[in-house]
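Numbers here simply count residues along the sequence, with the first being 1.
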Amino acid sequence: MTADNVNWRIITIHFIATILIIFATIQISILTDTNLIMEFENNQLNGNIDSKRILNFLLWYNLSEFIGLLIAFSISLFVVIKNKKHWINSVIVLIITLFFSKIGFFEINSVKSIFYFPIQLMPNLNFIYNFSINAIILIVISMIILFNKKILK
């Protein structure tokens with residue numbers, strides 16, 4: 001491996017796309033038990049909540065960041081290999097993203113507000129539609145970024 005193999009433009013672009021995919025998977029994980037969320041929002045839990053149900057929701061929510069990272073890394077690796085770039089670029093994106101995850105970057109409210117912006121534009125919609133639409137928007141933007149040949153050159 002030489003310094004010529006490391007392409008900081010690809011790394012930056014793939015890092016941005018990775019963040020978008022991670023936030024999309026976090027939002028999708030919230031949709032794993034919409035009834036639980038609605039009961040919580042309406043204060044209708046009344047102690048009649050199953051601990052397995054809460055555990056399952058929390059499991060998916062906590063794993064969603066890692067799942068998003070794996071999905072983004074797989075797509076990034078596929079794209080760089082397909083475009084005859086060095087695979088080390090995807091590994092560097094993975095390491096940088098793991099570092100940001102470790103320092104709690106994805107839990108900072110001001111960062112979350114950036115990626116939840118489309119939800120704020122549609123306050124009257126049901127939260128299921130809000131999170132679904134927002135996740136789709138983030139995924140579409142990330143795929144455009146990852147698969148755009150002009151960006152990769």
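- Applying the salt bridge (charged side-chain N to carboxylate O under 4.0 Å, His left out) definition to pairs two or more places apart or across chains, none involves residues 91-105.
- Residues passing the side chain to side chain contact (heavy atoms under 4.5 Å, CB included) test with Leu58 are Ile54, Asn62, sequence neighbours excluded.
- At least one side-chain heavy atom of Ile75 sits under 4.5 Å from a side-chain heavy atom of Phe147.
- Residues Ile71 and Phe78 are members of one and the same hydrophobic cluster, defined by side-chain heavy-atom contacts under 4.5 angstrom among Ile, Leu, Val, Met, Phe, Trp and Tyr.
- Within the 3.5 Å criterion, the main-chain N or O of Thr97 finds no donor-acceptor partner in the side chain of Ser101.
- Partners of Ile28 by side chain to side chain contact (heavy atoms under 4.5 Å, CB included), not counting sequence neighbours, listed by chain and number: Ala135, Ile139.
- Applying the salt bridge (charged side-chain N to carboxylate O under 4.0 Å, His left out) test to every pair with at least one member in residues 129-148, sequence neighbours left out, gives no pairs at all.
- Although no hydrogens or angles enter the test, the distance criterion places a donor-acceptor pair under 3.5 Å between the side chain of Asn89 and the main chain of Asn7.
- By the side chain to side chain contact (heavy atoms under 4.5 Å, CB included) test, Leu94 is found to be paired with Leu69, Phe73, Leu98, residues two or more places apart in sequence or in another chain being considered.
- Judged purely by atom type and a 3.5 angstrom limit, Asn83 has no side-chain atom pairing as donor or acceptor with the backbone of Lys85.
- Under a hydrophobic-cluster definition in which Ile, Leu, Val, Met, Phe, Trp and Tyr are linked whenever side-chain heavy atoms come within less than 4.5 Å, directly or via other members, Leu63 and Ile21 are assigned to the same cluster.
- Between the side chain of Thr25 and the main chain of Ile67, no donor-acceptor pair closer than 3.5 Å is present.
- In this structure Ile141 satisfies the side chain to side chain contact (heavy atoms under 4.5 Å, CB included) test together with Leu20, Ile137, Ile145, sequence neighbours excluded.
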